[in-house]
There are 2 protein chains.
Amino acid sequence: MTAETPEPPSLTVYRLLRRAIIEQALLPGARLPEDAIGEQFGVSRTLVRQSLGRLEAEGLVETRRNRGAFVAEPSLEEAKQIFEVRHVLERDVIDRLIRRISVIGLDSLEAHVVQEERVRGKNGPVSIRLAGEFHILLAELSGNAVLARYVSELVSRCSLILAMYRRRHSTDCAVDEHRQIIRALRERDPEAAKKIMDDHLGAVAGRAELEEPGEDLETVLARYGREMTA
Amino acid sequence: MTAETPEPPSLTVYRLLRRAIIEQALLPGARLPEDAIGEQFGVSRTLVRQSLGRLEAEGLVETRRNRGAFVAEPSLEEAKQIFEVRHVLERDVIDRLIRRISVIGLDSLEAHVVQEERVRGKNGPVSIRLAGEFHILLAELSGNAVLARYVSELVSRCSLILAMYRRRHSTDCAVDEHRQIIRALRERDPEAAKKIMDDHLGAVAGRAELEEPGEDLETVLARYGREMTA
DNA sequence: CACGAAAAAATAGTATACAATTTTTTGGAT
DNA sequence: ATCCAAAAAATTGTATACTATTTTTTCGTG
């Protein structure tokens with residue numbers, strides 16, 4: 001009789017907004033008016049506001065006093081700093097995994113990559129999310145929850161950065177690089193794994209060019225809001 | 001004519017609660033009832049709730065569904081993980097500082113240590129806070145704001161850990177070790193600096209023993225609430 | 001006196017209401 | 001037509017009100 005407590009609506013709002021941002025349905029700079037969001041999700045501004053506050057703490061949202069919330073627009077400087085910290089943390093993740101990863105862990109990584117491959121080219125937004133979640137899974141397998149949380153946060157913010165400073169999303173390369181990381185882990189080769197990780201992350205840091213704004217808020221939230229009411 | 005926008009009350013509540021926790025005026029496990037806090041600070045539950053939410057995201061507060069908020073009680077496992085990530089991040093801070101720290105930066109570190117020395121033994125809570133702020137200052141001088149934010153968060157959580165798993169607060173040693181770090185930075189000696197940092201952090205990770213609960217909430221918040229109304 | 005069920009009180013979760021600020025619109029003067 | 005000021009609308013920030021859950025108290029029974 002596990003009571004199966006349902007997810008509290010406050011969390012749902014947070015989670016859906018987060019996903020909309022990470023999947024780049026809400027692009028950097030997009031306004032996030034409290035009542036419009038609340039209406040779409042069928043909740044009051046109270047919960048929306050809480051969610052926005054939390055997203056702000058994570059760096060996915062910026063709020064201007066008396067002026068509302070916007071999807072964050074990390075500057076190039078911020079972007080550089082985020083990637084630098086990712087480097088530091090993910091190198092440590094690799095170190096830990098080399099020492100402790102189990103067969104089960106490797107299997108779950110493989111399974112994830114298979115999933116990535118399955119949607120490759122078919123569903124852009126989901127590809128973006130899955131690519132990030134591979135890194136989060138790595139961090140979680142490291143066994144250090146604190147480390148995993150920070151990696152997760154930085155990976156999310158990288159989604160924003162990619163949305164701003166990259167021509168087109170080409171996840172094709174990523175899936176391949178992910179496989180390479182798994183192989184290096186399987187062979188317990190820390191230098192190879194770190195090298196791949198460095199390349200994988202470093203390649204992104206040196207580009208620039210913007211995109212056009214996305215669809216309007218209603219359309220986006222209607223899509224993400226379905227999960228709320230259902 | 002810089003307009004000097006005053007701090008919004010929501011931020012003030014957050015900041016004061018945070019300080020009360022970090023200075024160990026509110027000990028791990030202490031209940032944090034929303035209306036009692038709001039009454040003390042002269043604000044509604046709305047703002048208290050926002051603050052508690054943010055503190056929860058930072059790991060300083062834990063909330064149990066329909067049961068309220070408490071000052072977090074990190075387990076020994078969590079504590080270990082926090083110190084591990086601190087190690088990784090602060091070693092990187094040192095690396096950066098060796099490369100880039102200016103005379104002005106070194107001076108501000110010196111100034112901070114002087115301040116630490118001034119209150120040594122006289123004001124326990126402030127000593128605790130200042131000891132942590134030395135590490136935060138180091139991280140800020142590294143020039144990477146993302147890195148600084150994470151170090152800051154972890155340092156705060158360490159305050160909780162010390163409150164739970166340490167016999168008595170002996171900041172005497174810390175001040176001395178802080179001086180040693182400054183010296184190593186001045187001499188551009190990365191290995192020495194990292195060695196000291198490792199010892200400094202590592203020394204704490206291997207102890208255990210609990211303390212007794214603290215004073216009641218009202219007394220504590222009356223002290224911290226002064227800044228709110230003034 | 002101990003125990004347990006029901007009632008009461010307390011407290012968290014959410015929605016609504018109100019105040020303050022910002023943005024947009026309007027209308028007149030140049 | 002353009003610009004500027006004043007009014008209106010929209011939106012945020014905060015407080016209050018209401019609902020649901022949890023905790024405490026009460027009180028009857030074994």
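Chain naming here is simple, since letters A, B, ... match the order of the sequence lines and numbering starts at 1 in each.
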Worksheet entry | Spacing between A:Tyr14 atom OH and C:dT14 atom P, to the nearest angstrom | 16 Å
Worksheet entry | Residue-phosphate contact under 4.0 Å: B:Arg31 side-chain N/O, C:dA12 OP1/OP2 | yes
Fill in: Gap between atoms CG and P, on A:Leu32 and D:dG13 respectively (whole Å)
13 Å
Practice prompt. Sequence neighbours left out, what passes side chain to side chain donor-acceptor pair (under 3.5 Å) with A:Arg86? Give chain and number order.
Written response: A:Glu90, A:His135
Worksheet item: To the nearest angstrom, how far is A:Asp35 atom CG from D:dA10 atom P?
Response: 10 Å
Fill in: Nucleotide D:dG13, atom P - distance to CZ of B:Arg49 in whole Å
18 Å
Discussion item. Output the rounded distance in Å from CD (B:Gln50) to P (D:dT12).
Written reply: 13 Å
Practice prompt. Classify the side-chain pair B:Ser127/B:Arg120 by whether it contains a donor and acceptor separated by less than 3.5 Å.
Written response: no
Discussion item. Output the rounded distance in Å from CD (A:Glu39) to P (D:dT11).
Written reply: 11 Å
Discussion item. I want to check one thing: is the phosphate of D:dT21, taken as OP1 and OP2, less than 4.0 Å away from some side-chain N or O of B:Arg67?
Written reply: no
Discussion item. From CD1 of B:Ile37 over to P of C:dT11, roughly how many Å is that when rounded to an integer?
Written reply: 12 Å
Item to complete: Return no unless some side-chain N or O of A:Thr46 is found under 4.0 Å from OP1 or OP2 of C:dT16.
Response: no
Practice prompt. Give a yes/no on whether any side-chain N or O of A:Arg45 is located under 4.0 angstrom from OP1 or OP2 of C:dT16.
Written response: no
Discussion item. Less than 4.5 Å apart, side chain to side chain, heavy atoms only: is that true for A:Leu147 and B:Glu84?
Written reply: no
Item to complete: Decide salt bridge (charged side-chain N to carboxylate O under 4.0 Å, His left out) for B:Glu58 and B:Arg18; before the verdict, give the C-alpha distance in whole Å, the side-chain angles of both, and the deciding distance to 0.1 Å.
Response: CA-CA 10 Å; B:Glu58 289 177 33; B:Arg18 189 169 192 276; 3.3 Å; yes
Worksheet item: Hey, is the side chain of A:Ser10 poking within less than 4.0 Å of OP1 or OP2 on C:dT14, counting only N and O atoms?
Response: yes
Fill in: Rounded distance (Å) that lies between atom C1' of C:dT21 and atom CD of A:Glu34
13 Å
Worksheet item: Going by the angle between their ring planes, with limits at 30° and 60°, are A:His178 and A:His200 parallel, tilted or perpendicular?
Response: perpendicular
Discussion item. Pick the closest DNA chain C nucleotide for A:Asn66 and for A:Leu47 by heavy atoms, then say which residue is nearer the 5' end.
Written reply: A:Leu47
